[in-house]
Amino acid sequence: MAKLAYVNGRYVPHGDAAVHIEDRGYQFADGVYEVVTIVGGRMIDEEPHLDRLERSLREMEIAMPMSRAVLKMVMRELVRRNGVRSGLLYMQITRGVAPRDHKYPDPSLPRSVVMTTRKADYANNAKFADGVKVITIPDIRWERCDIKTVSLLPNCMGKTMAARAGAYEAWQVDADGMVTEGTSSNAWIVTKDGTLVTRPPTHAILNGITRLSILRLAREQGIPFEERPFSVEEAKSAREAFTSSATSFATPVVQIDDTVVANGKPGSLSRRVFETYMDYCRGLPDQGDAPKAASRRAG
Ligand code: PLP
């Protein structure tokens, strides 16, 4: 079966999926998105992702295109139709299609809703076991990085710079020399006394859903943490470092620019955070299989 995408009320072959050339997402990056990871058929942190989606839409004065319940039904249906047990669901909502004009159109304009899925094998990924290199770059983005908009050009530039330097990610740095976040992940260090440190969720960063889950798990497990900015120098001399996102979980960072972090191996607390987070993902209810299992039992 060909892979399907959801576009404005229809499930269409991925290769044919398209929106209009005057979609404001295409013209102005006037839209928001979410990425939800799927592990063992489970959508990880679905509700917090939808909370953040609704917040991003509110901040941009875009009304929800459909109720949350219907949105969830579409998400499930696309994941089911595409048979995704391990991978991700991408969802994008834009202000809709209107003649090109900078000012917002009438808010009753139907919003554009697009969803795609991608399969990924998270179990066999060397970066989780070996760790990754990050580079540091100036943060040249705008002052509302807390909104998950599709306006990602500086992030794309940064990620390309990282790839060209043989690195996995670029950690962005503000004018005071403090790390804000990665181009598609939140930055963390572990201090010499074993405290997790990550930047507080102001307008300078996206408040990662993985970041929030890791903080909650740390609280539950009694792992000390601090939400405060840290400098590039502090990161380079930290005991450990890692970077978190829905699809990279908590990936250990073993090199920052030319500086090897500690002994160049993933640290023990980073590994513990990764394992704790993966256990959490594996333990969530399996939304995809629940109805099928029930009907099999009934039959
Ligand atoms: N920061 C940025 C700029 C991102 O783009 C992302 C994810 O795409 C994150 C942080 C991590 O967010 P989450 O954990 O919700 O994936």
Side-chain angles (χ1 to χ4, degrees), residues 32-56 75 84 86-91 117-118 120-123 125 127-129 131-132 134 145-149 152 155 158-159 162 168-172 179-190 195-202 204-221 223 225-228 230 235 240-253 266-267 269-285 287:
V32 304
Y33 75 106
E34 278 296 327
V35 176
V36 183
T37 298
I38 301 157
V39 175
R42 300 168 182 90
M43 272 194 251
I44 307 304
D45 286 338
E46 183 186 24
E47 296 295 342
H49 277 286
L50 291 174
D51 290 343
R52 186 174 64 187
L53 178 79
E54 289 190 12
R55 178 182 183 277
S56 296
M75 292 163 73
V84 184
S86 176
L88 63 88
L89 174 121
Y90 175 86
M91 172 173 22
T117 62
R118 185 184 292 178
D121 180 5
Y122 298 122
N125 196 324
K127 71 177 191 276
F128 301 138
V132 297
V134 301
C145 296
D146 56 309
I147 306 174
K148 198 165 171 68
T149 82
L152 290 170
N155 309 55
K159 194 73 115 188
Y168 167 73
E169 176 61 300
W171 278 3
Q172 301 166 98
V179 174
T180 52
E181 62 181 336
T183 62
S184 63
S185 61
N186 289 114
W188 301 72
I189 57 169
V190 177
T195 301
L196 295 176
V197 181
T198 196
R199 191 164 174 130
T202 61
I205 66 162
L206 183 75
N207 193 1
I209 302 303
T210 319
R211 172 190 182 283
L212 287 168
S213 279
I214 292 171
L215 288 176
R216 181 173 42 75
L217 294 168
R219 196 174 295 118
E220 284 168 17
Q221 299 229 340
I223 300 170
F225 65 84
E226 275 175 44
E227 291 180 87
R228 64 165 172 83
F230 58 85
E240 304 177 24
F242 63 94
T243 206
S244 71
S245 75
T247 52
S248 69
F249 308 102
T251 298
V253 170
L269 192 53
S270 308
R271 275 207 304 271
R272 182 173 163 200
V273 167
F274 177 82
E275 288 305 332
T276 305
Y277 183 72
M278 293 313 292
D279 286 347
Y280 161 69
C281 292
R282 288 187 282 255
L284 288 171
Q287 305 113 341

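Position 1 is the first residue of the sequence; numbering continues from there.
Qualifying ring-ring contact (aromatic ring centres under 6.0 Å, His included) partners for Phe225, counting only residues two or more places apart in sequence or in other chains: none. Here Thr276 pairs with nothing under the side chain to side chain donor-acceptor pair (under 3.5 Å) rule; sequence neighbours left out. Evaluation of the side chain to side chain contact (heavy atoms under 4.5 Å, CB included) rule for Val273 yields Leu196, Ile214, Phe242, Ala250 as partners, not counting sequence neighbours. Residues satisfying the side chain to side chain donor-acceptor pair (under 3.5 Å) criterion with Arg271, sequence neighbours excluded, are absent altogether. Every side chain to side chain contact (heavy atoms under 4.5 Å, CB included) that Asp146 has, sequence neighbours left out, goes to Arg55, Arg144, His203. Not counting sequence neighbours, the partners of Glu226 by the salt bridge (Lys or Arg N to Asp or Glu O under 4.0 Å) test are Arg228. For Gln172, the side chain to side chain donor-acceptor pair (under 3.5 Å) partners two or more places apart in sequence, or in a different chain, are Arg141. The side chain to side chain contact (heavy atoms under 4.5 Å, CB included) search around Leu206 returns Arg52, Lys148, Glu181, not counting sequence neighbours. Not counting sequence neighbours, Tyr168 has no partner by the ring-ring contact (aromatic ring centres under 6.0 Å, His included) test. By the side chain to side chain contact (heavy atoms under 4.5 Å, CB included) test, Ala187 is found to be paired with Trp171, Val179, Phe230, residues two or more places apart in sequence or in another chain being considered. Here Tyr122 pairs with nothing under the side chain to side chain donor-acceptor pair (under 3.5 Å) rule; sequence neighbours left out. Evaluation of the salt bridge (Lys or Arg N to Asp or Glu O under 4.0 Å) rule for Asp279 yields Arg282 as partners, not counting sequence neighbours.
Of the possible polar contacts, one joining the Ser86 side chain to the Ala120 backbone as a donor-acceptor pair under 3.5 Å is found. Side-chain atoms of Asn186 come within 3.5 Å of backbone atoms of Gly208 as a donor-acceptor pair (strictly under, hydrogens ignored). No donor-acceptor distance shorter than 3.5 angstrom exists from the side chain of Thr243 to the backbone of Thr251, with no hydrogens or angles considered. Judged by distance alone, with hydrogens and angles left aside, the side-chain atoms of Glu169 form a donor-acceptor pair with the main-chain N or O of Ser184 at under 3.5 Å.
Using a 4.5 Å heavy-atom cutoff, the side chains of Tyr277 and Ser213 are in contact. A 4.5 Å side-chain heavy-atom check between His49 and Met91 finds every atom pair outside the cut-off. With contacts defined as side-chain heavy-atom distances shorter than 4.5 Å, the pair Leu89/Val84 does not qualify. Between Cys145 and Ile205 the shortest side-chain heavy-atom distance does not fall below 4.5 Å. In this structure, the side chains of Arg216 and Tyr280 come closer than 4.5 Å at one or more pairs of heavy atoms. Between Phe249 and Val39 the shortest side-chain heavy-atom distance falls below 4.5 Å.
For the side chain to side chain contact (heavy atoms under 4.5 Å, CB included) with Leu88, the lone residue among Thr247, Ile44, Val36 that qualifies is Thr247.
We find the CD1-OG distance between Ile189 and Ser270 to be 11.0 Å, quoted to the nearest 0.5 Å. Separation of atoms CZ (Arg211) and CH2 (Trp188) is listed at 6.0 Å; rounding is to 0.5 Å. Taking CG of Asp51 as the start and CG of Asn207 as the end, the distance is 11.5 Å to the nearest 0.5 Å. Distance check, rounded to the nearest 0.5 Å: CD1 of Ile38 to CD of Glu46 gives 9.5 Å. Taking CG from Leu215 and CD1 from Ile223, the interatomic distance works out to 10.5 Å, rounded to the nearest 0.5 Å. With values rounded to the nearest 0.5 angstrom, Leu217 atom CG is found 12.5 Å from Glu275 atom CD.
The heavy-atom pair separating Thr210 from Ser244 by the smallest distance is CG2-CB, 4.1 Å. When all heavy atoms of Asp45 and Pro48 are compared, the closest pair comes out as O-CD, 3.1 Å. Of all heavy-atom pairs spanning Gly158 and Ala170, the tightest one is O-CB, 3.5 Å. Between Ala129 and Pro266 the shortest heavy-atom distance is O-CG, 3.2 Å. Smallest separation of non-hydrogen atoms from Arg42 and Gly283: NE-C, 4.4 Å.
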